[in-house]
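Below is one structure, written out as structure tokens, with a few remarks after it.
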Amino acid sequence: MQKKENQEVENRPDNTAFTQQRLPAWQPILSAGIVIPLFVLVGLAFIGIGVALFVTSRNLHVLEMDYTGVEKTSPCFSCSDPIKQKNCKCSLSFELDKLFEGPVFFYYGLTNYFQNQRAYGVSKDYNQLSGDLDYFTFFFSIVPDSTCKPYRYDVNNKPIVPCGSLANSMFNDTFNLYQMKNGVKEEVPLDGKGISWWTDYNIKYRNPSVNPLRNAFNGTVKPLYWSKPAYELDPTDTANNGFINQDFLVWMRRSALPNFRKLYRRITDGLPAGNYSLEISYNYPVIAFDGKKKVAFSNVSWMGGKNEFLGIAYLVIGSLCLVMSVVMLIIYHWRNSSPDAN
Amino acid sequence: MCVLHLMLQGFDPPHQSETRTIYVANRFPLHGHYIPTVTFSNGDVFQYTIWNFVPKNLFEQFRRIANFYFLIIFLVQLMIDTPTSPVTSGLPLFFVITVTSIKQGYEDWLRHKADNEVNGAPVYVVRSGSLVGDIVRVAKDETFPVDLVLLSSDRPDGTCHITTASLDGETNLKTHYSVAETSVCQSVSQLESLQAVVECQQPEADLYRFVGRMTVTLLGEEIVRPLGPENLLLRGARLKNTKEIFGVAVYTGMESKMALNYKCKSQKRSAVEKSMNSFLIIYLCILLFEAILSTILKYAWQSEEKWNEPFYNQKTEQERNSSPILKFISDFLAFLVLYNFIIPISLYVTVEMQKFLGSFFIGWDLDLYHEESDQKAQVNTSDLNEELGQVEYVFTDKTGTLTENEMHFRECSINGTKYREVNGKLVPEGLTDDSPDGSTPHMELLFLKAVALCHTVQISYDQPDCMVPGSDPFSHVNGFSANHMEYYASSPDEKALVEAAKRIGITFISSNGDTVEIKTFGKTEKFKLLHVLEFDPNRRRMSVILQTPSGGQIMFTKGAESAILPFATSGEMEKTRLHVDEFALKGLRTLVVACRHFSPEQYTEVDRRLNAARTALQQREEKLQEAFNFIERDLQLLGATGVEDKLQDKVQETIEALRLAGIKVWVLTGDKHETAVSVSLSCGHFHRTMNILELLQQRSDNECAEQLRRLARRIKEDHVIQHGLVVDGASLSLALREHEKLFMEVCKNCSAVLCCRMAPLQKAKVVRLIKTSPEKPITLAVGDGANDVSMIQEAHVGIGIMGKEGRQAVRNSDYAIARFKFLAKLLLVHGHFYYIRIATLVQYFFYKNVCFITPQFLYQFFCLFSQQTLYDSVYLTLYNICFTSLPILVYSLFEQLVHPHVLQSKPALYRDISRNSMLSFRTFLYWTLLGFCHAFVFFFGSYILMGEDTTLMGNGQMFGNWTFGTLVFTVMVITVTLKLALETHFWTWMNHFVTWGSIAFYFIFSLFYGGIIWPFLHTQDMYFVFVQLLSSGSAWFAIIIIIITCLFPDVIKKVFYRHLQPTNTQKSQVQLTNTHPYVNQSCPQAVCKECFWLFFCQLVEGKDYFLSIF
């Protein structure tokens, strides 16, 4: 009999919260009652954050100067002429009213420059850049990576190292900053360390472990547009050569948008008020594609450089929240007080 | 059981001539083998075998346009130089295909298993070669495996009784006959010598039509006999009351009449799937538009040399020299590949998983579990879950669906006193002060005798099946006892009455030719049956004339009250009329019983008239009517009976709930018109206040059209009250043939429609008529018998009731439930749930893919249309598979907008989602535009932030393009997940887990993915990008503000709609939180343990307090 009873309820579904769709559940209702206080809180918080961000950004300074030399009055006008391109130097003077607090970051900027093109961006050989010597040689058209075309081999079928458009087009203007003290030019020390990502310098990019480094580059040629081979990029610091040259690393990190800045140097102590002269060795052509070249000095806070967008956005959204909560409150009261009217 | 092996000489191939000729086998091997019958379902139900599974399944899947599209994209990626690697679309495609094929394989396996259970057991037949022409032996209570022409039975006259309950729902016994020449062949040896040829028409679907002839060669002489439907035993019918029969198979397998009455099982697609496909096409257009626009803009841009080939990005010789057309095409394809994710690849697989997993809830539901029969709801196709929420028409069978298919005698009125049956005794109501010795006992006895005698019931004796080996297996066993007696009647009422009489003490024992035996309280009485005045629908009564044991002639008459009371001359007429009305009000089916004693002279006259009428050669019908009317008068009223055709539990409430939900209920039944109307009334399908229109017994086209016009006029004149329409099968086919529109017009204006005397295919025709009417309403058919199968298959959703009439309906249905009342929960609750779940699922999928791919499109404007991807390939691949897949799946499994109890108690909520409202073009547009808006905010928010490319890091270093893309992607993943969180109304722990888990997983995965130099990857673009992004304070603030900006208008919109234009659903949500204790409990205790929720719940609880401050 017992057995029969068991059989009878054999198909009976389990009476659990899960099978009966009765799981305990939080069932929030997005009504004015919850949303109004929430919006007030969010609104107040955002306005607070917005003010803080805005003030922080206000305290930062940026000094940006164009040195492309399109206009005739521009100091670099002579250099912009593509005919006398080689080793042209020009200098840019500027004056600071008050102390530019340190550390000051020195950027160069390019506009209308599409580092984010696909063909351009993939045109590199990662294996080369991580120091794998196998990729330094010509090997049945397999290495270096075919994406490096048309900067893969030179006319003699010697592999280009580092290959590819990205490396080939590395920015090669150089800058020296002088402070004019009583008519005497005094060079401002520029710190070139730590301008690229730590991981790029220490892990991602590696030189071949050959000493001296130049031996590793035997049988290869330097990129066509380079004046110096990779192992001679920085004659002053041997640890800043090859693929872990900081300027090279900065260049290799492609910018997201066509108008971009890249970090050039740091000025640790800041710039005291006074007159300055920036000497530029002008090599990089941009006129052909309507580009501009700029330099920018900026100091940074914890949130980065001067950026008023965030502060304003927070203030706008915060105020909107408050306004909308008032609107909702009015509607809520109107609805509640006159339910019969509707 | 013993089965004979018979030999087929041959038959001509079907469908080549008007008739087929079957040579009845004439040679018998000594020993036959048992071979399982090939049941018709085998071929068409299963899709796969083990061997063909992989290729066939792949083929089936790639026939699906979305999968095929992704295959093409994948192949394009393999062939040309594209921005993303083939893996990005290959992996999701592989994932989708795998999951789908696992699901389909599992479902097919279940189907195999179910079918093996059904087919494994019952009938064995032995055959040689083809089945047609074999002689088959069928024993008692077996179903016929094929359509047979009866050759002989164990009875000397060669008749047998069958019931066709599983074919047309009629439970009575029907007598079928064999040809006299073959009926003598009652043994194998006799059949061995039989030489016969059957010629018959080619297979056709009509159950009641069969024309053929049999040529028997006896002693070298050919005798031709006509064959009609009475000689044909239909497959699916059951042999009753006859120990065994032999028959020759004429139609087998798919050619049998039953199989021909099944429609081919077509793939049903739900309305949601249809709108999904049209949305996909719109998205395909968007995709093509974006790709073409990008390609054109690219070339517009590149027409200038300085953009085409600046010094830093020189082209190779090969690129410069390739043909412009080829370049154009390959660019177009590359853009196509780049934007292809706008078509949500995982939509189909998520929908399938949702349907498959979600459908378990139906089987698990205790409210759909029938305790008595231990049956739970069963889901045969999970493809139609959401269709349950869209039903506009319900077509229901009557017998076995609305009713229990059991008649019970309840009350009677004898000579003006009301009695009810209590434990096999008649107890007078209210124990009046009747003297015990009055006329009552006599009247009672006469009444009961009338009930026990006046009928056409047949008796089936349970014969012992065990046969002693060696004894002649075909000998007629006559040892029957009253205990094993079973009654069969063409009218279930008669059966119930005879059974009731038996319980009370007057047992109908046997009717042999012209004698009828009853046992009155143990004493056997023999009556001689003189005449039977058969029932006909015009007279609506029947009579028997008997010679009592004492020698007198008496007539018992039984029929509808209106057919008897006018002819009664004595008896308690007024009281009886009153009682009959009372019975009818209780929903009992009433019959009035009367008798008439004949004097010998009278009887002589009666006998003469009857015989004259019966033997008349001309106008026999009219003459018979005349004679009947002459005889059935001067009646002495005996009383009335009340029989309950027991309705299933809560049928009335269910129909009422369906009606409130805006669903029109049609009853389609094979039953007689009177029975159907009375059941319809008692189950609340027809109300007493309804004006019942009739379209019955139309004989000609014109007559039918005229009647339809008359009905239409009446509806117009009288539009205040509700109308109900009764149609019978014959009139219906006339109406459908020529006047479909007119008929539809009438039907639409009737709140209830009842179709009676319907053949199975006619039921399907009615369903199709409604289904294809201009509004294209969603139809649901519910039935329990094989006669309902075609309608179940025709309707958008077919529901089988697990009844007494076999499992054909269940097997061919999409869902099967044990009782009709479960339909309410199935539609109102499960349908509602599934619909809102899947509708949101579909919309959300499009939304999240627009969000996903639009920034990528926008980025092209900033990268010279160079097809640079904004996101890394791994992110592209995993976005749909990992980062955003689970929350929506869990949502689509557990979401409940309103508590089930509320849904069931307020059927009107069903109207909120009717006509596919959540997938209307407006809602679709809203979601798509929302997606575009969000995408713009993601992209331009990040763009402005990067703006002049000021540094965002405290150390002055710069971000690159991958950081930018990752920022957009991070914002997107969080926003898209939170958007769903805003839509979620039912937060179980699983929703919390997957929602927050998905975001957490994204962060953990990104840290991991960016934290390692991956040895197999071609580039290490993403190395430490994510960490760098997160190390920037500005990025965090930007992420927060962009997310809030996206969601903030959405929240406001929701609040405004809720307070200014609340839907019924939203109203009931509010009432629920105010009144229902369950919800109040669930929030604080279950969730508030975590401190974040504590804060939130305090907000919820403290909202009134908070508002009172203002």
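Closest non-hydrogen pair, B/Trp364 versus A/Pro13, comes out as O-CB, 3.0 Å. Considering all non-hydrogen atoms of both residues, B/Phe986 and A/Leu23 come closest at CZ-O, 3.6 Å. Of all heavy-atom pairs between B/Val1025 and A/Trp197, the closest is CA-CZ3, 3.9 Å. Heavy atoms only, all atoms of each residue included: A/Leu30 and B/Lys1054 are closest at CD2-CD, 3.5 Å. Contact between A/Leu263 and B/Met958 at its shortest, heavy atoms only, is N-CG, 4.0 Å. Considering all non-hydrogen atoms of both residues, B/Leu893 and A/Gln21 come closest at O-OE1, 4.3 Å.
Taking chain B as the reference chain and counting heavy-atom pairs below 4.5 Å, the highest number among A/Tyr126, A/Tyr113, A/Trp198 is found for A/Tyr113. Ranked by non-hydrogen atom pairs under 4.5 Å with chain B, the options A/Asp14, A/Asn112, A/Thr16 are led by A/Asn112. Annotation: maximal heavy-atom pairing with chain B below 4.5 Å, among A/Leu310, A/Val300, A/Asn15, occurs at A/Leu310. With respect to chain B, the highest number of heavy-atom pairs below 4.5 Å among A/Pro150, A/Gly109, A/Ala313 belongs to A/Pro150. Most heavy-atom pairs under 4.5 Å with chain A, from the set B/Asp367, B/Thr1019, B/Ile1040: that is B/Ile1040.
Ion pairing between a basic and an acidic side chain is recognised when a charged N comes within 4.0 Å of a carboxylate O; A/Arg253 and B/Asp1021 show no such pairing. Salt bridge present: A/Arg12 and B/Glu371 bring a charged side-chain N and a carboxylate O closer than 4.0 Å.
With a 4.5 angstrom heavy-atom cutoff, B/Thr951 touches chain A via backbone and side-chain atoms both. For chain A, no part of B/Phe865 is nearby; none of its heavy atoms comes within less than 4.5 Å. Contact annotation for A/Leu129: neither backbone nor side-chain heavy atoms come within less than 4.5 Å of a heavy atom of chain B. Contacts between B/Thr963 and chain A at a heavy-atom distance below 4.5 Å involve the side chain alone, from C-beta outward. Interface remark: A/Lys306 contributes backbone atoms only to the contact with chain B (heavy atom separation under 4.5 Å). For B/Asn991, no part sits under 4.5 Å from any heavy atom of chain A, backbone or side chain. For a residue to count as touching a neighbouring chain, one of its non-hydrogen atoms must lie under 4.5 Å from one of that chain's; by this rule B/Leu864 touches chain A with backbone and side chain alike. With a threshold of 4.5 angstrom between heavy atoms, B/Phe1024 approaches chain A through its backbone and through its side chain. Using a 4.5 Å cut-off between heavy atoms, B/Phe1056 contacts chain A through its side chain alone, with no backbone atom that close.
The aromatic rings of B/Tyr312 and A/Phe289 stand perpendicular to each other, their planes meeting at an angle above 60°, with 30° marking the opposite boundary.
A/Gln20 contributes a side-chain N or O that, together with a main-chain N or O of B/Leu366, makes up a donor-acceptor pair within less than 3.5 Å. The backbone N or O of B/Leu945 lies less than 3.5 Å from a partner atom in the side chain of A/Asn307, making a donor-acceptor pair.
No close placement of the B/Phe862 and A/Phe114 rings is indicated, their centers lying 6.0 Å or farther apart. Aromatic ring centroids of A/Phe18 and B/Phe361 lie under 6.0 Å apart.
B/Ile1044 CD1 to A/Phe46 CZ: the interatomic distance, rounded to the nearest 0.5 Å, is 4.5 Å. In this structure, CG in A/Leu257 is found 13.0 Å from CZ in B/Phe959, a value given to the nearest 0.5 Å. The OH atom of A/Tyr314 sits 8.5 Å away from the OG1 atom of B/Thr1045 when rounded to the nearest 0.5 Å. Distance check: A/Asp200 CG to B/Gln957 CD gives 8.5 Å after rounding to the nearest 0.5 Å. How far CE of B/Met953 is from CE of A/Met303: 14.0 Å, rounded to the nearest 0.5 Å. We find the CH2-OG distance between A/Trp302 and B/Ser1034 to be 6.0 Å, quoted to the nearest 0.5 Å.
Considering only heavy atoms from C-beta on, B/Arg1058 comes within 4.5 Å of A/Ile29 through its side chain. Side-chain contact check for A/Phe39 versus B/Val1051: some heavy-atom pair is nearer than 4.5 Å.
Under the 3.5 Å distance criterion, with hydrogens and angles disregarded, a donor-acceptor pair is assigned to the side chains of A/Arg254 and B/Gln868.
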